[in-house]
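Reckoned from all heavy atoms, side chains included, excluding hydrogens, waters and symmetry mates.
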Amino acid sequence: MKTLVLAEKPSVAREIARVMGARDKHKSYFEGPKYIVTWALGHLVGLAEPEDYDKKYATWNLEDLPILPERAKLKVLKETNHQYKAVQQLMKRQDVGELIVATDAAREGELLARWIMQMAQWKKPFKRLWISSQTDKAIKEGFASLKPGSQFDRLYESARCRAEADWMIGLNVTRALTCRFNAQLSAGRVQTPTLGMIMDRENEINRFRSEEYETLTADMGGFQATWRASGGDARIFDKQQTQALKKRVEGRAGVIAQVKKSEKVEPHPLAYDLTELQRDANRKYGFSAKQTSNVLQRLYEQHKLVTYPRTDSRYLTSDMAGTLKERLESVAVGPYAALARPLLRKSLNLTKRIVDDSKVTDHHAIIPTEQTVLLNQLNPEERKLYDLIVRRYISLFYPAAKYDSVAVTVKVGEDSFHVKGTTVKDSGWREVYGSDYTDDDDESADDSLDQERALLPELHQGQSVTIQRCHIKSGRTMPPKRYTEAALLAQMEKHGLGTPATRADIIEKLVSSDTIDRQGNSLHPTGKGKQLIELAAPQLRTPELTARWEAELERIARGQGKPEPFLQGIRTMARELVSTVKGSQAEYKPHNVSNSHCPDCNARLLEKKGKRGRFLVCPTEDCGYRRSAEKQLSNRRCPQCHKKMELKEGKAGMFVRCLPCGITEVLDKDKKHVNKREQQKLVKQYSKQESLGSNLGDLLKAALEKKGE
């Protein structure tokens with residue numbers, strides 16, 4: 001009997017087949033003496049659509065909501081139907097006696113495999129391949145230590161509950177909002193509270209009122225110190241107070257009231273999980289969370305240089321201890337050789353900040369594999385991300401950074417001046433980064449008030465000093481910063497919104513649905529997003545509810561919670577959310593209405609932003625008209641300046657116009673020009689108009705009607 005292996009992607013199946021000796025290549029699988037290896041192309045089976053339960057649901061009606069089937073049905077997805085049939089046939093082969101699930105070792109990978117098994121009615125034994133890297137060594141070791149499939153039943157139940165909850169909440173609330181407000185409005189269990197956090201920050205910024213302030217720094221000869229109030233604030237909001245302070249202290253003698261010296265020990269940062277890596281890549285390179293996920297997947301799957309990407313752990317397990325030097329050897333090339341080789345000559349100090357079994361659930365932190373790297377085979381994006389991972393891994397085995405910190409307080413009468421100095425004693429792990437390491441937080445306060453790290457002379461308590469001169473520096477209070485993706489990911493993680501694997505997709509969904517907009521490295525809510533968060537039910541706007549659901553899903557995965565009570569709570573919540581939308585008295589006004597009209601139904605077109613630039617789309621549900629919003633040049637040249645004329649659209653149809661000369665030529669529906677005499681008359685009339693308003697539309701319409709007579 002043969003064993004069927006189900007991988008998630010063709011590329012993974014190809015590697016497993018090669019390692020396990022399945023050499024015969026077929027259209028949908030590889031076959032060998034012992035193993036048949038096939039793949040799933042992501043999800044082959046998904047939850048049924050509402051119309052699969054009742055055909056009336058194919059039309060969106062507010063009266064039909066909520067749609068809450070007692071038992072969820074599955075369906076084969078049309079776009080991958082061919083591959084599902086191939087997998088199904090392999091499962092029914094008489095010579096196949098066992099299945100190995102080799103999909104991604106995570107909640108979603110477990111779900112897609114179980115749904116295929118359920119749809120194909122697999123009744124025979126199955127085992128689970130659970131590996132954290134795609135190297136030949138990892139695959140062989142994984143097949144040598146396969147786990148019973150039943151060991152992952154709870155993970156599947158958690159994944160099933162997540163999928164059904166998203167279906168019930170997302171589908172019902174989205175349909176309710178869209179029907180109630182006659183606009184394409186999308187809401188969901190995770191995306192709406194994420195949008196809510198962005199909107200809360202926007203409201204904070206709008207409410208903020210900037211104030212001018214001043215700071216006063218005193219030059220005391222060998223060093224400078226800044227005045228601070230008794231509460232520690234250096235800002236002075238009254239200019240007269242600043243001048244009075246300057247007059248009071250300038251030229252006066254003072255005494256060093258306190259010299260506080262302390263040795264600071266800074267341990268190395270923890271190894272990367274996915275969220276922390278996404279944050280660093282966004283801060284340092286401007287990568288979006290989705291971009292980091294995609295590049296990381298290539299490093300894992302294609303190049304086999306890093307371990308499993310979608311992990312939420314920042315620690316390693318004790319059974320990996322014997323492989324850590326081998327991984328150091330594999331990265332000891334190019335710019336990393338001088339950093340890694342000294343570590344190879346001694347035993348590694350594996351502290352609890354590196355190895356801690358109690359803090360690893362499904363997968364350990366992201367680290368390099370034993371695969372030797374060829375840096376010239378990586379593209380620039382892969383190279384940057386790999387550099388982050390390798391340097392973080394090497395830094396785990398370097399000692400803590402040590403420096404002496406000196407805090408000096410100078411008293412001049414009743415006034416206090418403060419300065420801090422730092423002396424590096426041992427750069428420790430920071431040597432791995434040189435001067436390139438930053439641990440700045442996106443949420444840091446006013447940049448202008450950063451603590452000084454001055455180079456100080458030898459100072460003693462009780463020493464006399466004299467203020468030689470004072471410097472006044474002006475500043476303004478700054479509003480909270482808009483979220484970058486790095487900061488938003490941190491907030492999503494803090495509030496338990498989504499998982500490391502889904503957070504990037506949530507952000508992308510908000511961008512693609514035109515509810516948030518990337519402007520540089522900042523995330524801004526759009527006019528649509530601002531309205532949507534007000535239209536959504538209050539309990540769906542904040543992260544607390546969704547975080548509780550996510551925590552309950554984790555409890556189900558650990559066997560501490562049960563699926564049905566959770567899903568029953570989701571059904572109750574769906575009813576409440578739909579009821580709130582139905583009873584809403586609010587109004588929605590599209591924020592992106594253009595001046596162009598649909599040539600098919602005459603509705604005002606909406607302007608949207610896509611990957612290839614701006615485009616115009618008809619809001620009428622059964623119309624579907626769409627075109628680019630960018631300037632379009634026609635083949636018609638201006639009779640006066642001979643430049644190409646711009647193709648435009650008015651209420652009466654298409655026309656071409658020369659912007660420098662103002663000459664306009666009307667086109668009929670077949671793109672033919674109105675005869676010259678009528679066109680000249682129209683242009684003469686148009687030249688008296690100040691804008692492309694309704695008068696021009698009437699003129700164009702009249703010209704076309706005259707042509708048709």
Side-chain angles (χ1 to χ4, degrees), residues 1-48 73-157 159-160 300-302 304 308:
M1 297 293 281
K2 292 189 176 183
T3 297
L4 178 63
V5 181
L6 176 62
E8 192 158 327
K9 297 177 182 177
S11 56
V12 177
R14 190 180 307 115
E15 292 304 305
I16 291 174
R18 178 183 59 79
V19 173
M20 302 311 294
R23 307 289 185 188
D24 295 340
K25 183 179 179 182
H26 299 267
K27 184 178 180 181
S28 302
Y29 62 96
F30 298 90
E31 187 165 0
K34 185 177 180 182
Y35 296 104
I36 302 168
V37 185
T38 188
W39 54 87
L41 290 175
H43 279 278
L44 303 182
V45 176
L47 292 171
K73 294 180 181 178
L74 298 176
K75 66 180 292 186
V76 177
L77 303 181
K78 286 183 180 179
E79 56 270 25
T80 52
N81 181 48
H82 63 287
Q83 184 62 21
Y84 169 77
K85 287 183 176 178
V87 175
Q88 183 186 43
Q89 288 173 356
L90 291 170
M91 286 183 168
K92 290 184 176 180
R93 271 178 49 167
Q94 295 299 313
D95 61 339
V96 171
E98 185 182 50
L99 174 69
I100 294 176
V101 175
T103 51
D104 277 2
R107 189 167 74 180
E108 202 63 23
E110 193 67 28
L111 181 69
L112 72 88
R114 296 295 187 102
W115 275 354
I116 293 169
M117 293 163 63
Q118 189 175 328
M119 181 62 75
Q121 298 182 338
W122 177 265
K123 303 294 184 185
K124 299 173 186 176
F126 73 100
K127 293 179 181 176
R128 190 57 159 103
L129 176 70
W130 196 267
I131 56 177
S132 291
S133 62
Q134 295 285 335
T135 63
D136 292 10
K137 180 181 177 182
I139 292 171
K140 288 176 181 176
E141 289 178 351
F143 269 82
S145 56
L146 294 168
K147 303 177 186 298
S150 58
Q151 186 175 323
F152 299 90
D153 287 348
R154 295 176 306 198
L155 184 66
Y156 160 65
E157 290 297 342
R160 178 179 71 85
Y300 166 68
E301 195 174 288
Q302 181 181 328
K304 305 179 183 181
Y308 184 75

Could you list all the salt bridge (charged side-chain N to carboxylate O under 4.0 Å, His left out) pairs where at least one residue sits in residues 2-12, not counting sequence neighbours?
-> K2-E31, K9-E301

So CD1 of I16 and CD1 of I131: to nearest 0.5 Å the spacing works out to 6.0 Å

Run the side-chain contact (heavy atoms from CB on, under 4.5 Å) check on M119 and L44 step by step: do they pass?
-> CA-CA 10 Å; M119 181 62 75; L44 303 182; over 6 Å; no

Residues in side chain to side chain contact (heavy atoms under 4.5 Å, CB included) with Q151, at least two apart?
-> K147, P148

Who passes ring-ring contact (aromatic ring centres under 6.0 Å, His included) against H82, sequence neighbours left out?
-> none

Sequence-distant partners of Q89, side chain to side chain contact (heavy atoms under 4.5 Å, CB included), two or more places apart = none

Take M117 and M91 through the test side-chain contact (heavy atoms from CB on, under 4.5 Å) and record every step on the way to the result.
-> CA-CA 9 Å; M117 293 163 63; M91 286 183 168; 4.1 Å; yes

Mark yes when over 12 heavy atoms from residues, nucleotides or ligands other than K127 sit less than 6.0 Å from its NZ; otherwise mark no.
-> no

Mind checking the CZ-CZ spacing from F30 to R14? Nearest 0.5 Å is all I need.
-> 5.5 Å

Mind checking what makes side chain to side chain contact (heavy atoms under 4.5 Å, CB included) contact with A138, not counting sequence neighbours?
-> S133, T135

Using the test ring-ring contact (aromatic ring centres under 6.0 Å, His included), find all partners of W130 that sit at least two apart in sequence or belong to another chain.
-> F152, H363

Write out all pairs satisfying ring-ring contact (aromatic ring centres under 6.0 Å, His included) with one or both partners inside residues 100-126, taking only residues at least two apart or from two chains.
-> H43-W115

Atom OH in Y29, atom CD in Q83: separation rounded to 0.5 Å?
-> 11.5 Å

Taking atom CZ of R107 and atom OH of Y156, what is their separation to the nearest 0.5 Å?
-> 13.5 Å

In terms of heavy-atom contacts, A120 and Q88 come closest through CB-CG, 4.2 Å

Please list, one pair per line, the donor and acceptor atoms closer than 3.5 Å that link side chains of residues 139-146 to other protein atoms, with sequence neighbours excluded.
unit_1: S145; atom_1: OG; unit_2: E141; atom_2: O; d: 2.9

Below 4.0 angstrom, N of the basic side chain to O of the carboxylate: do R160 and E157 qualify?
-> yes

Passes side-chain contact (heavy atoms from CB on, under 4.5 Å), M20 versus V37? Steps please.
-> CA-CA 9 Å; M20 302 311 294; V37 185; 5.7 Å; no

Residue pairs involving residues 75-88 (criterion salt bridge (charged side-chain N to carboxylate O under 4.0 Å, His left out); sequence neighbours excluded) | D52-K75

Counterpart residues, ring-ring contact (aromatic ring centres under 6.0 Å, His included), relative to Y84 (two or more places apart) = none

Give a yes or no on whether the backbone of V87 and the side-chain of S28 come within a donor-acceptor separation of less than 3.5 Å.
-> no

Note: D24 and H26 closest approach over all heavy atoms is O-CD2, 3.5 Å

Does anything in residues 32-45 pair up under salt bridge (charged side-chain N to carboxylate O under 4.0 Å, His left out), and if so which pairs, sequence neighbours excluded?
-> none

Would you indicate whether the side-chain heavy atoms of T38 and L4 approach each other to under 4.5 Å?
-> yes

If you take all heavy atoms of L112 and A40, which pair is closest and at what distance?
-> CD1-CB, 3.7 Å

Show the numbers, then the answer: is there a side-chain contact (heavy atoms from CB on, under 4.5 Å) between I36 and T3?
-> CA-CA 6 Å; I36 302 168; T3 297; over 6 Å; no

By side chain to side chain contact (heavy atoms under 4.5 Å, CB included), A113 pairs with (sequence neighbours left out) L6, V101, T103

